[in-house]
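Take a look at the structure below.
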Amino acid sequence: MTRSHFLTSFALVAAVSAALVAPPAAAQRASLGERVAALESQAANNQGNIDLLNQLTAMRSELRALRGQVEELQQQNQALETAMRNQYLDVDDRLNRIEGGAPADAGAAAPAAATPAASASAASGAAAARTPTTAPAERAPVVFGDAGLLANAADERSAYETAFAALRAGDYEQSAGLFNEFLRVYPTGSYAPNATYWLGESYYVTQDYARAQAQFETILQRWPTHDKAPGSLLKIGLSQYGQRDLVAAEATLARVVEQYPGTDAARTADDRLRSIQLNSLR
């Protein structure tokens, strides 16, 4: 083989080898396009993740703001409930005092003595003029139809006021204990109906609905004509609602509206009854 033939053969072999080893240009272009597309997709995903992160941060900020508003509204609602409860307790206490009155001052009730020089008629007129106006005589809370409860004692009144003071102060655990003790000592006392009602309230406020309901039912059983009977029937319905016994609650609230029309208890029962019925339709 001549030198020229050898060189020609070598060049041919090298060209064939290069053609076999090197990928086609089209394949190289496809591979490069895929890499660019992958990089673009990754960049787009990164931008999308950044957008999602920004949205998440904004939503968290809004959530914190909403939580703050909810907490503020809850505090305002709690303060309003406390104020309304205290006002109601104060009004009830004043009514009890008006119904029961304070013991009149014996010295103040006595007419002033007449002067010796005055005539009998003048002495009588002067005595009447100098006699001060006195408070009504002490009597038990008004309990229509239960005349046997009209006897009252200072110790009973003091025990009742002690328990009522704990209720007004918001110490419902203590008020429940004091009203229970009161009813143990004075089960048939003049203030037994009121004490039973406020014992039920003490349980109701702490969401002990079963025991609250039992106290309100006691009032209707023992003192059905008492002025707290409408409120007791209302609280029975609300206690049943608190125990999620909606059927019984609706029936009881309807009884309040039917038996005590035009009263605050009936209006409250009607509002709650409508609320229950609306919720049942959702």
Side-chain angles (χ1 to χ4, degrees), residues 78-105 135-239 242 256 260 263-265 268:
Q78 185 177 2
L80 181 60
E81 288 181 351
T82 301
M84 291 178 65
R85 182 171 58 252
N86 290 340
Q87 184 179 12
Y88 176 71
L89 294 177
D90 183 65
V91 170
D92 184 79
D93 186 48
R94 292 184 182 184
L95 288 175
N96 287 337
R97 290 178 182 274
I98 292 173
E99 292 172 354
D105 187 351
E138 171 76 14
R139 65 186 180 87
V142 176
V143 184
F144 299 103
D146 292 307
L149 296 180
L150 295 180
N152 191 23
D155 289 343
E156 179 188 349
R157 171 89 186 190
S158 176
Y160 174 82
E161 289 184 344
T162 299
F164 193 82
L167 178 70
R168 179 183 293 176
D171 192 346
Y172 304 114
E173 219 176 284
Q174 184 180 15
S175 67
L178 290 173
F179 279 124
N180 267 315
E181 178 64 17
F182 175 91
L183 291 170
R184 186 187 68 80
V185 178
Y186 304 103
T188 60
S190 301
Y191 292 92
N194 293 53
T196 303
Y197 181 86
W198 293 119
L199 175 59
E201 281 284 357
S202 299
Y203 289 142
Y204 181 84
V205 173
T206 57
Q207 299 182 355
D208 191 348
Y209 298 120
R211 287 204 285 182
Q213 180 179 341
Q215 301 306 317
F216 297 127
E217 288 175 344
T218 298
I219 292 176
L220 295 181
Q221 292 166 3
R222 295 183 59 187
W223 306 285
T225 57
H226 194 273
D227 58 357
K228 292 196 179 299
S232 297
L233 186 58
L234 170 65
K235 283 304 177 72
I236 290 174
L238 296 180
S239 297
V256 177
Y260 307 103
T263 63
D264 290 339
T268 302

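The structure presented is a predicted model; accordingly, all values stated were derived computationally and were not measured.
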Look up atom [atom1] in [X] and atom [atom2] in [Y], then write down how far apart they are to the nearest 0.5 Å.
X      : Y      : atom1 : atom2 : value
Lys228 : Tyr197 : NZ    : OH    : 5.5 Å
Phe216 : Arg211 : CZ    : CZ    : 13.0 Å
Tyr172 : Asp208 : OH    : CG    : 14.5 Å
Leu238 : Leu233 : CG    : CG    : 10.0 Å

Considering non-hydrogen atoms only, spot the tightest contact between [X] and [Y] and give its length.
X      : Y      : value
Pro193 : Ile219 : O-CD1, 3.9 Å
Gln215 : Thr196 : O-CG2, 3.4 Å
Leu178 : Ala163 : CB-CB, 3.5 Å
Pro187 : Arg222 : O-NH2, 3.0 Å
Tyr160 : Ala195 : CE1-N, 3.8 Å

_side-chain hydrogen bond (donor to acceptor under 3.5 Å, both in side chains) assessment of Gln221 paired with Glu217_ = CA-CA 6 Å; Gln221 292 166 3; Glu217 288 175 344; 4.9 Å; no

*Evaluate the side chain to side chain contact (heavy atoms under 4.5 Å, CB included) criterion for residues Asn194 and Phe164: first the C-alpha distance (whole Å), next the side-chain angles of each, then the deciding distance (0.1 Å), finally the verdict.*
CA-CA 10 Å; Asn194 293 53; Phe164 193 82; over 6 Å; no

*Could you check whether the rings of Tyr186 and Phe182 sit parallel, tilted or perpendicular, using 30° and 60° as the cut-offs?*
tilted

*asked:* Determine whether a donor-acceptor pair (N or O, by modelled atom type, separation under 3.5 Å) exists between the side chain of Ser158 and the backbone of Asp155.
replied: no

*Looking at residues at least two apart in the chain, or sitting in another chain, which of them share a side-chain contact (heavy atoms from CB on, under 4.5 Å) with Ala265?*
Pro230, Leu234, Val256, Thr263

*Can you list the residues that meet the side-chain contact (heavy atoms from CB on, under 4.5 Å) rule with Ala176, with sequence neighbours excluded?*
Leu199, Ser202, Tyr203

*asked:* Going by the rule ring pair (Phe, Tyr, Trp, His ring centres under 6.0 Å), which residues pair with Tyr209 if we only count those two or more places apart in sequence or in a different chain?
replied: Tyr204

_Could you go through Glu161 and Tyr191, starting from their C-alpha distance and side-chain angles, then the distance that decides it, and tell me whether this counts as side chain to side chain contact (heavy atoms under 4.5 Å, CB included)?_
CA-CA 10 Å; Glu161 289 184 344; Tyr191 292 92; over 6 Å; no

_Measuring only between side-chain heavy atoms, which start at C-beta, is Ser190 closer than 4.5 Å to Glu156?_
yes

